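This report concerns only the one structure given below.
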Amino acid sequence: MHKETELKLRASRETLAALREHPLLKKRNKSGWQTRELLNQYFDTPERELSAARVALRLRRDGDAVIQTLKCRGQSVAGLSERNEYEWNLDKVKLDLKKLDATCWPEQLANLDKKTIKPLFTTDFSREYAEIAWGRGKSKVVIEAALDQGFVIAGKRKEEICELELELREGEPQALLELAAELAASLPLMPCDISKAERGYRLLEPDSYELDLPHTALDAEMALDDAYAALAWQLLGSSQRLAEQYRHNGHWRLLQDWVECLSELRALTASLGQAAPRATTRDLRASLDALLEDWRPLVQAGNDDEDIRRAAPEQFAEELEDVRWGQFSLETSRWLMARTWTAERKGRGERQGKAQLASWLGHLLGEEGRALKLPLYTQRPEDLAEQLPRIEQLLAWLHHARQVLEAPQMDRLYGDLKKLHELAEQPISDEVLEARIEQARAVDQSRGWKHLLKA
């Protein structure tokens, strides 16, 4: 067994051609580009039990070599994945079920009848690969760069494979992101954590691609720094998966959720106060603002206009053909991995970053709640939109962390604040103004709100 650490980036044929001649890869290319044809057959039971256990089983023909591989899915975000991989060289193109013993086989599949495992789909592609190496500080980095072109085929359905894979052979995972970010500065590369196997399952069952990453388990006693990092990674990863699936099927709800992920990341980042000095978050906030400036108004308008919804997939495809989304995803990954927001803070900021989440959050929500001055907007409901950034900060933390607070009716408060936020975004009319007054009173008089204001 070995641990595979790789970064997968969706590309176009034109981008792959440009990568072959990219000056940075030319300078660091130690082997020259080589080509091989990889023919892959994936297997599962009729009930997709291997997929449910998050493992992929395949046979690969690589020239005269026949390789049986079992991959166990690990963590993946922004295209950067780490997973355990088991490989066996075989004498013929036939699964050797005896290799799938307790040393590698998931415990939850212990009672599976392996004889029910059958061929499911293929991923056949041409791979151009090269060893990319350079010195990084006092250490050496070795990465295999692979340009893959081919098709995933499941029955009569197929999807093109066109991607760059960067697999770490030696060095730190940060080096993958650094190389990818340098390449993405001039080429449209979309970080993408959907594997070729997941694409095959998605062709067989369109809803099999999981959009939601496992929810971050927050604890009342964990440090604010750890809580923010966990939530930011989750939101970044979810936004990436939503972008991939919206690109694939164009379902409007996915674009709405994508914008919401970016909005929540923006709100959480802006709420950190001295725990994240503004200079350390400037670039991230600017990137998020640029994306939201283009896409939030479009989504708001499209909610009531079918023509806008129909045109949005083509506009999103144009977004992905530009370098902006790839740069944002990769630079944000680097920023999170380095915990850059902690770099320049002073004593009070350091104390806040290490404060227990529940204590810090209770203080933040109370402070922001008092600053919101809801009674004022029962008199001036037309001005409620000016408080949208503050409401979004409150909502983002209540959405993800309200369970760590010892406060009554937090679920109800979250729902009431969400309704107030929706009303604040709507164009002004007599009906909307009346609804804002009523909803502001409902929040202000709720038990959960009163409890937070006393914090």
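The structure displayed is predicted, hence computed values, not measured ones.
- Using a 4.5 Å heavy-atom threshold, the side chains of Arg370 and Leu452 count as separate.
- Between Trp295 and Phe316, the ring centre distance stays below 6.0 Å.
- Side-chain contact, Thr269 with Tyr228: a donor N or O sits under 3.5 Å from an acceptor N or O.
- When side chains are defined from C-beta on, Arg339 counts as touching Asp226, because their heavy atoms get closer than 4.5 Å.
- When each of Trp252, Tyr246, Trp325 is checked for a ring pair (Phe, Tyr, Trp, His ring centres under 6.0 Å) with Trp258, only Trp325 meets the rule.
- Other residues, nucleotides and ligands contribute over 12 non-hydrogen atoms within 6.0 Å of the NE2 atom of His248.
- With 3.5 Å as the limit, one finds a donor-acceptor pair spanning the side chains of Gln256 and Asn303.
- Within the model, atoms CG of Leu288 and OG1 of Thr281 stand 10.0 Å from one another, a figure rounded to the nearest 0.5 Å.
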Under the salt bridge (Lys or Arg N to Asp or Glu O under 4.0 Å) criterion, do Arg310 and Glu306 qualify, and how do the steps go? CA-CA 6 Å; Arg310 287 177 177 172; Glu306 187 174 349; 2.7 Å; yes
Decide yes or no on side chain to side chain donor-acceptor pair (under 3.5 Å) for Arg436 and Gln426, but give the supporting numbers first. CA-CA 10 Å; Arg436 287 181 181 181; Gln426 291 180 15; over 6 Å; no
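- Taking both residues in full, the closest heavy atoms of Gly353 and Ala223 are given as O-CB, 3.8 Å, listed atom of the first, atom of the second, then distance.
- Put simply, the side chain of Leu183 does not reach to within 4.5 Å of the side chain of Leu9, judged on heavy atoms.
- For Arg348, the CZ atom is loosely surrounded, since the number of other residues' heavy atoms within 6.0 Å does not exceed 12.
- Side chain to side chain, Tyr377 and Glu386 meet the donor-acceptor criterion of an N or O pair below 3.5 Å.
- Counted within 6.0 Å of CG on Asp322, heavy atoms from surrounding residues, nucleotides or ligands total more than 12; the atom is thus considered enclosed.
- No option in Arg241, Arg10, Glu163 other than Arg10 meets the side-chain contact (heavy atoms from CB on, under 4.5 Å) test with Cys192.
- Between the side chains of Arg390 and Gln387, at least one donor N or O sits under 3.5 Å from an acceptor N or O.
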One pair to check against side-chain contact (heavy atoms from CB on, under 4.5 Å): Ile153 and Leu203. What are the steps and the verdict? CA-CA 8 Å; Ile153 301 175; Leu203 287 177; over 6 Å; no
Salt bridge (Lys or Arg N to Asp or Glu O under 4.0 Å) between Arg441 and Glu438, worked out: CA-CA 5 Å; Arg441 284 174 178 162; Glu438 183 178 342; over 6 Å; no
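- Between the side chains of Gln240 and Ser329, at least one donor N or O lies within less than 3.5 Å of an accepting N or O.
- Remark: the Gln274 side chain and the Arg345 side chain contain no N/O donor-acceptor pair separated by less than 3.5 Å.
- Summarising the local packing, CD of Glu314 is surrounded by 12 or fewer heavy atoms from other residues, nucleotides or ligands at distances under 6.0 Å.
- Remark: Lys30 NZ is packed, more than 12 non-hydrogen atoms of other residues, nucleotides or ligands lying under 6.0 Å away.
- Using a 4.5 Å heavy-atom threshold, the side chains of Leu218 and Leu231 count as touching.
- How far CG of Leu70 is from CG of Asn84: 9.5 Å, rounded to the nearest 0.5 Å.
- The distance from atom CD1 of Ile143 to atom OG1 of Thr5, rounded to the nearest 0.5 Å, is 10.5 Å.
- Asp283 and Trp335 are not linked by any side-chain donor-acceptor pair at a separation below 3.5 angstrom, with hydrogens and angles left out of the test.
- Salt-bridge annotation for Arg324 and Asp294: present, with a side-chain N of the basic residue lying under 4.0 Å from a carboxylate O of the acidic one.
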Do Arg48 and Glu205 pass the side-chain contact (heavy atoms from CB on, under 4.5 Å) test, and can you show the C-alpha distance, the side-chain angles, and the key distance before you say yes or no? CA-CA 10 Å; Arg48 314 286 195 262; Glu205 299 177 21; 3.2 Å; yes
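- In this model, no donor atom of one side chain and acceptor atom of the other lie less than 3.5 Å apart for Thr69 and Arg60.
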Worked verdict on Arg296 versus Glu392 for salt bridge (Lys or Arg N to Asp or Glu O under 4.0 Å): CA-CA 14 Å; Arg296 185 150 52 185; Glu392 286 168 359; 3.3 Å; yes
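- Surrounding CZ of Arg278 are at most 12 heavy atoms belonging to other residues, nucleotides or ligands under 6.0 Å away.
- When side chains are defined from C-beta on, Gln149 does not count as touching Arg127, because their heavy atoms never get closer than 4.5 Å.
- Within a 6.0 Å radius of CD in Gln34, more than 12 heavy atoms belonging to other residues, nucleotides or ligands are found.
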Show the numbers, then the answer: is there a salt bridge (Lys or Arg N to Asp or Glu O under 4.0 Å) between Lys71 and Glu85? CA-CA 5 Å; Lys71 292 190 177 188; Glu85 182 177 272; 3.4 Å; yes
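- Of the N and O atoms on the side chains of Trp341 and Asp225, at least one donor lies less than 3.5 Å from an acceptor on the other residue.
- Side chains of Glu264 and His400: a donor-acceptor N/O pair is present below 3.5 angstrom, by distance only.
- Here Phe121 and Tyr201 bring their ring centres to under 6.0 angstrom of each other.
- When all heavy atoms of Val404 and Ala358 are compared, the pair lying nearest together is O-CB, 3.6 Å.
- You'll find the ring centres of His399 and Tyr414 inside the 6.0 Å limit.
- Here Asp257 pairs with Arg253 in a salt bridge; the nearest charged N to carboxylate O distance falls below 4.0 Å.
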Could you please spell out the steps behind the side-chain contact (heavy atoms from CB on, under 4.5 Å) verdict for Leu364 and Leu394? CA-CA 9 Å; Leu364 172 80; Leu394 291 165; over 6 Å; no
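- Between Leu7 and Leu164 the shortest side-chain heavy-atom distance does not fall below 4.5 Å.
- With contacts defined as side-chain heavy-atom distances shorter than 4.5 Å, the pair Arg36/Glu128 does not qualify.
- Looking at Val443 and Leu372, their side chains never come closer than 4.5 Å, going by heavy atoms from C-beta outward.
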